[in-house]
Amino acid sequence: MRLLTLRISDGTGTGTVAVRQDGDTLTEIDGFSDVGVLLQDPAWATIAEAANGATHAYDGADLAAVVPSPGKIICVGHNYRNHIKEMGREIPEYPTLFAKYQESLIGPNDDLALPQESDTVDWEAELAVVIGKKGRRISEADAADHIAGYSVLNDISMRDYQFRTIQWLQGKTWEKSTPFGPALVTKDEFSAGPLMTSAVDGEIQQQTPTGDLVFTPEFLVSYISTIITLNPGDVIATGTPGGVGHAQNPKRYLQEGQLLVTTIEGLGQLNNRVVKEA
């Protein structure tokens, strides 16, 4: 099952609604303003499957970030061996964790804000895990039961700000910088393994199977839930593979007007035009 958050206009303004995608058709899931709100209901999967609300064409749909307001966005650094190597690091014993905030999220086709303050804006294609069931100290064996599904995210990084200190947060959570979507694909229809790519103006920069992780989604759910309770709608961004612009020689960064395309086979594609922030 594929679940999305659709922006709609009702004459008084623009809101959002959770929808189920069936081929080229989006069906509203009445009573739920977005996928994150839907996931708060323990019966979310049954409700989504039975939905028969108003329908919309997928082609041309105005999509928001699939979970627009997650309670937590927890990101993982150094989780693909080829990226660890290109950044000159050692394979970590434990996950490197940092956070993003919901203000950083944009929809799968929204413009990506290039800030005035940074000219070292880099791409990082990532597999995102979306939590569907609350849990604390979840065992790795039980972790899959707490995963609602998977999506595509790009952890856009302002490298100059990221490396100002040993703490990465300030380079990772700029407003309107993190495309996320287009859909939450439930775990029965996807498992880590398919190819993930990022491309800038059609030139492939990253291309690695999502299964080539140091720490698996299940391990990450277990590890993070040891530290803090994971709630429905929380997001874990599982790290990026090799091919980031910062590691190239010469270094390459996003420029105004470029198109960044991020794809994971079986999950979908993000298409984000880079636009200078006013």
Side-chain angles (χ1 to χ4, degrees), residues 4-7 14 59-68 70 73 75 77 80 83 86-87 98-128 151-164 168-183 195-208 235 237-265 267-278:
L4 305 84
T5 296
L6 175 68
R7 297 187 182 113
T14 300
D59 187 32
D62 185 8
L63 299 176
V66 61
V67 181
I73 308 168
C75 304
Y80 282 83
H83 180 53
E86 73 177 1
M87 299 298 277
F98 59 94
K100 283 183 177 280
Y101 300 109
Q102 64 186 47
E103 289 86 353
S104 71
L105 297 179
I106 60 174
N109 303 304
D110 290 347
D111 289 342
L112 193 161
L114 194 68
Q116 302 172 20
E117 297 83 358
S118 177
D119 58 3
T120 60
V121 180
D122 203 356
W123 51 85
E124 292 197 7
E126 306 212 5
L127 172 69
S151 192
V152 188
L153 182 146
N154 201 305
D155 175 26
I156 299 297
S157 301
M158 286 56 180
R159 298 298 190 189
D160 48 357
Y161 275 77
Q162 178 184 353
F163 296 122
R164 283 183 170 185
W168 296 352
L169 175 69
Q170 63 185 299
K172 292 287 193 173
T173 192
W174 284 68
E175 293 226 5
K176 300 180 180 178
S177 69
T178 306
F180 178 33
L195 201 63
M196 174 168 61
T197 64
S198 67
V200 178
D201 284 346
E203 182 181 355
I204 291 177
Q205 304 297 324
Q206 297 175 284
Q207 191 169 58
T208 300
V235 176
T238 60
T240 200
V244 300
H246 187 75
Q248 298 185 29
N249 187 15
K251 298 180 188 301
R252 298 179 64 181
Y253 302 109
L254 290 170
Q255 305 297 317
E256 185 176 11
Q258 289 183 324
L259 179 65
L260 175 65
V261 177
T262 313
T263 308
I264 299 180
E265 294 175 346
L267 293 184
Q269 188 173 91
L270 311 172
N271 298 276
N272 304 101
R273 183 70 62 183
V274 180
V275 175
K276 195 73 174 178
E277 189 177 29

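Note that the structure is a prediction, hence the values are computed from the model and not measured.
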Determine the minimum heavy-atom distance between Leu6 and Ala61, stating which atoms define it.
-> CD1-CB, 3.7 Å
Lys/Arg-Asp/Glu bridge criterion (N-O < 4.0 Å) met for Arg273, Glu256 = no
Residues in side chain to side chain donor-acceptor pair (under 3.5 Å) with Asp119, at least two apart?
-> none
Ignoring hydrogens and geometry, is there a side-chain-to-backbone donor-acceptor pair from Ser151 to Gly181 under 3.5 Å?
-> yes
Crowded around Tyr101 OH? As in, over 12 foreign heavy atoms under 6.0 Å?
-> no
Does Ser118 reach the main-chain N or O of Met158 with its side chain, forming a donor-acceptor pair under 3.5 Å?
-> no
Residues that Glu124 engages under salt bridge (Lys or Arg N to Asp or Glu O under 4.0 Å), provided they are two or more places apart = Arg159, Lys172
Does Arg7 use its side chain to pair, donor to acceptor, with the backbone of Leu63 at less than 3.5 Å?
-> yes
Heavy-atom nearest pair, Ala65 first then Thr5, reads O-CB, 3.7 Å
Between the side chains of Asp122 and Ser157, is a donor N or O closer than 3.5 angstrom to an acceptor N or O?
-> no
Between Thr178 and Lys100, does any side-chain donor sit less than 3.5 Å from a side-chain acceptor?
-> yes
Kindly give the heavy-atom pair with the smallest separation between Pro179 and Leu270, and that separation in Å.
-> O-CD1, 3.6 Å
Which atom of Gln205 lies closest to which atom of Val200, heavy atoms considered | CG-CG2, 3.9 Å
Which atom names give the shortest non-hydrogen contact between Ile204 and Gln206, and what distance separates them?
-> CG2-O, 3.6 Å
Does the Asp201 side chain pair with the main chain of Leu259, one donor and one acceptor, at a distance under 3.5 Å?
-> yes
Starting from the C-alpha separation in whole Å, work towards a yes-or-no answer on ring pair (Phe, Tyr, Trp, His ring centres under 6.0 Å) for Tyr161 and Trp174.
-> CA-CA 10 Å; Tyr161 275 77; Trp174 284 68; 4.9 Å; yes
Of all the heavy-atom pairs spanning Tyr80 and Thr238, show the shortest one and how long it is.
-> CE1-O, 4.4 Å
Are the side chain of Thr240 and the backbone of Ala125 linked by a donor-acceptor contact shorter than 3.5 Å?
-> yes
Does the side chain of Glu86 pick up a donor-acceptor pair with the side chain of Gln248 at under 3.5 Å?
-> no
Those residues at least two apart in sequence (or on a different chain) that pass ring-ring contact (aromatic ring centres under 6.0 Å, His included) with Phe163 are His246
